Amino acid sequence: MSLQLSEQEIIRREKLAKLRGLGINPYPADLYPVNHTSKEIREGYEEGKKVIVAGRLMAINIQGKASFAQLQDSEGRIQVYFNRDVICEGEDKTMYNVVFKKLLDLGDFVGIEGELFTTKVGEMSVRVLGFKVLSKALRPLPLPKTDKEGNVYDGFTDPEMRYRQRYVDLTVNPKVKDVFVKRSKLFTAMRNFFNEAGYFEVETPILQPIPGGAAARPFVTHHNSLNIPLYMRIANELYLKRLIVGGFDGVYEFSKNFRNEGMDRTHNPEFTAMEIYVAYKDYNWMMDFTEKLLEHCAIAVNGTSEATFDEHKINFKAPYKRVTMRQSIIDFTGYDIKGQTEEQLRAAAKGMNIEVDETMGVGKLIDEIFGEKCEGNYIQPTFITDYPKEMSPLCKEHREDASLTERFELMVCGKEIANAYSELNDPIDQRERFEAQLELAKKGDDEAGEFIDNDFLRALEYGMPPTSGLGIGMDRLIMYLTNNPSIQEVLFFPQMKPETFEKKKSLELNDNEKVIFDIISKEKSMELTTLKEQAGLSNKQWDKGIKALGKLELTKVTKANDILTVDLVE
RNA sequence: GAUUCGUUAGCUCAGCUGGUAGAGCACAUCCCUUUUAAGGAUGGGGUCCAGGGUUCGAACCCCUGACGAAUCACCA
């Protein structure tokens, strides 16, 4: 981005100065006594009612001594009608002829006092009795227009600009705001549901000395006074369990997590998970709870339990199907994993054209088969239960089968949106599992945990009641509820590489331009080909140089009888 | 990380086989007292992402790079 101002920016700065010249402060400090929004006007319309509104001018249509404009506030737009002789009752028509017609621009914030009326064509409008400049916009906004059929013209659509300048995106693309309104409704709905159930919203550390509760590469930072490394949390699970140890029946937290890994349209380095832990429950109870929760949330957000995502119609109405991972694999491959050895599983996976390698253990192999052949088939919300033990170091062993865990994931549209356990609360088992993970990490498995959180183990040793925990990927859930295939569309400010703001180009000549200019300065006038030879520059450099000099009006190229001549401009 | 596509006026986009850079909206000036994306007339506005190469000549062809998007890979 250049600091060089465009024509339109210069004009707006001139208007700013003219406003000040008329004694109008374009950025006044005092509050503006707004008493209606555009929506309230429309819903509570009464002919002649006096209102005070404020917002941005988003369309201006000047018809001589009368004009129409669209004022946009947080709730939408309302038409406002400016009439010269209404605004300027006396002889002085400055407010209309100069301030409104000449010095206001699209994008400016204005406050308007007026009365309601309906135009000939039936549009609810505000007749302006007086207006006040509240903030002058120095940059022109992109101005998409929509016709009666809903076709958008000149849309502001470039994703890079929309994400980098979300403030512009939100101003000119009303549908963007709807997504974030729904996002907020989702959080509120979930909070209400948990609070109704008597659970307790908590906050736990984001800066952690040991990054635990998940397997992911953390962001590392350094605390100066303590002189220790600290990690941005990758999960908050171990802290919430400490609170269950401390005696809470149910705790939950909306947790910003940070993972130093790849970015794509479903992964952002910081994202939001909701985790809840409830004492004396197991994963069967948690499935009942989860399906009721999601039905409640879907209705709160969209007014219905149904949602559309891509070509799929999803229904979040409880109950959801429950399928064990073993049964799922039988359903889609005909293969029964029960009791199979590592070698048998590896051979079976190979037979299904799944890429496998020697480092994969039983759990990993089963997970690969499921991921490759089954996962993508679950469009409607479905609980997949009873995962192999190796994959789940924080999960309690299955009550009926020691090779499995009491874990479920909720699949929607072939992707996982929730994950839950009967939590492991046996401190000795937990220590052994951590140690096994540590071994895996030493062998180079980068998915295994590299740290043992001894304080967490100490907490378990004091005793944690049987507990079930659930985690939900909030960003992914809101993507489903708003039909957005990209996480960037549901985050206000998705992570991007920083922009470079170019420095103002100096008016000094660069080296190539100097070479050319020095020669022509001596000769005053010479043939172009001669000058080019003497300059000794490459074709490209010559071309750029002579064009730049021409633009700066230092030289002039003329053509006569097919001979190009360069002259020095005096 | 790989592949493909993109980057031209404030915004959306054209620009053919390489030959002085185009449109609509926006902006400026003038006319107009009820308009619904778009009243009429006229006129300004460009580092064609950056750097290098080829060429008499590059927005266009070639190379390198920046940024973005999509697909894939990776991903509790």
Side-chain angles (χ1 to χ4, degrees), chain A residues 1-2 4-12 14-15 59-70 79 81-86 96 102 105-107 117-123 125 127 139-164 168 172 213-217 234-235 237 257 259 261-267 273 355 367 371 387 391-395 407 409 416 419 421 446-449 471 473 485-486 488 496-500 502 505 528-529 532 538-544 547-548 550-551 557 559 562 564:
Chain A
M1 177 172 312
S2 172
Q4 203 84 22
L5 295 179
S6 70
E7 185 193 32
Q8 295 194 41
E9 289 172 303
I10 292 164
I11 289 167
R12 289 191 181 213
E14 286 166 3
K15 290 179 178 183
I60 300 175
N61 187 3
I62 294 175
Q63 308 277 324
K65 298 188 191 77
S67 305
F68 291 92
Q70 292 283 331
Q79 176 164 278
Y81 172 75
F82 289 81
N83 183 302
R84 187 189 69 184
D85 299 324
V86 172
Y96 182 78
K102 300 288 180 192
D105 285 298
L106 296 178
F117 77 108
T118 304
T119 63
K120 274 201 262 186
V121 286
E123 176 95 12
S125 308
R127 179 180 290 111
R139 278 175 190 269
L141 284 168
L143 289 168
K145 298 192 174 177
T146 310
D147 69 14
K148 281 176 220 141
E149 278 91 50
N151 302 310
V152 177
Y153 302 81
D154 302 325
F156 181 62
T157 54
D158 180 50
E160 180 171 3
M161 281 202 282
R162 287 184 47 234
Y163 302 152
R164 287 195 197 281
V168 175
V172 306
R217 198 176 335 143
I234 54 174
E237 170 158 0
N257 294 340
R259 296 186 182 178
E261 290 173 347
M263 292 161 59
D264 60 29
R265 77 180 205 295
T266 56
H267 295 85
E355 270 187 51
D367 192 55
Y387 282 62
M391 306 296 298
S392 318
L394 296 162
C395 184
R407 171 180 180 178
E409 287 193 354
E416 169 217 339
N419 182 21
Y421 307 147
D446 50 14
E447 285 182 29
S486 162
Q488 297 169 107
M496 303 194 90
K497 281 213 184 183
E499 253 177 298
T500 49
E502 278 172 30
K505 199 200 176 190
L528 184 135
T529 44
K532 186 181 166 189
S538 76
N539 287 318
K540 196 77 156 191
Q541 289 171 329
W542 157 260
D543 188 57
K544 290 230 171 198
K547 277 182 181 166
K551 193 154 273 180
V557 181
K559 188 174 177 183
D562 282 340
L564 289 165

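Since the structure is predicted, the reported quantities are computational estimates derived from the model, not experimental observations. Below, read A as the first sequence line, B as the second, and so on, with proteins coming before strands; counting in each chain starts at 1.
Of all nucleotides listed (U12(B), C30(B), U33(B)), U12(B) comes nearest to the side chain of Asp158(A). Set against C11(B), U33(B), C75(B), the side chain of Phe156(A) has C11(B) as its closest nucleotide. Comparing A73(B), C11(B), G68(B) against the side chain of Asp154(A) picks out C11(B) as the nearest. Closest to the Lys15(A) side chain, of the nucleotides A28(B), A69(B), C67(B), is A28(B). Considering only the side chain of Leu106(A), A26(B) comes nearest among U12(B), A26(B), A76(B).
Applying the side chain to side chain contact (heavy atoms under 4.5 Å, CB included) criterion to Glu7(A), with sequence neighbours excluded, gives Ile11(A).
Gln488(A) CD to Arg265(A) CZ: the interatomic distance, rounded to the nearest 0.5 Å, is 10.0 Å.
Separating the CD atom of Glu355(A) from the P atom of C72(B) is a distance of 15 Å, rounded to the nearest angstrom. When the P atom of C74(B) is taken as reference, atom CG of Asp367(A) falls 12 Å away, rounded to whole Å. Rounded to whole Å, the distance from CZ on Phe117(A) to P on U33(B) is 16 Å. The distance from atom CG of Asp264(A) to atom C1' of C72(B) is 11 Å, rounded to the nearest whole Å. What separates NE2 of His267(A) from P of U71(B) is a distance of 14 Å, to the nearest Å.
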Close N/O contacts between protein and nucleotides 3-10 of chain B (under 3.5 Å):
unit_1, atom_1, unit_2, atom_2, d
G10(B), N7, Gln8(A), NE2, 3.3

With the criterion being N/O to N/O and under 3.5 Å, what pairs connect the protein with nucleotides 35-38 of chain B, and how long is each?
unit_1, atom_1, unit_2, atom_2, d
U35(B), O2', Asn61(A), ND2, 2.8
U35(B), N3, Gln79(A), OE1, 2.9
U35(B), N3, Gln79(A), NE2, 3.1
U35(B), O4, Gln79(A), NE2, 2.4
U35(B), O4, Thr119(A), OG1, 3.0
U36(B), N3, Glu123(A), OE1, 3.3
U36(B), O4, Thr119(A), OG1, 3.2
A37(B), O4', Thr146(A), O, 3.1

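The gap from the C1' atom of C27(B) to that of G46(B) amounts to 15 Å, rounded to the nearest Å. Comparing C48(B) with A59(B), their C1' atoms are spaced 5 Å from each other, to the whole Å. Remark: the separation of the P atoms in C61(B) and G44(B) is 31 Å, to the nearest Å. Comparing U7(B) with C62(B), their P atoms sit 14 Å apart, to the nearest whole Å. When the C1' atom is compared between C74(B) and G6(B), the two are found 25 Å apart, to the nearest whole Å.
Residues Ala66(A) and Lys102(A) both approach RNA chain B. Their nearest nucleotides, taken by heavy-atom distance, put Lys102(A) toward the 5′ side. Between Gly262(A) and Tyr163(A), the residue anchored closer to the 5' end of RNA chain B is Tyr163(A), taking for each the nucleotide with the nearest heavy atom.
Put simply, Arg265(A) has a side-chain N or O that comes within less than 4.0 Å of OP1 or OP2 on U71(B).
Counting only distance, with no hydrogens or angles, the side chain of Tyr81(A) and the backbone of Thr118(A) share no donor-acceptor pair below 3.5 Å.
The cationic group of Arg84(A) does not satisfy the cation-pi geometry with Tyr96(A), failing either the under 6.0 Å distance to the six-membered ring centre or the 45° limit from the ring axis.
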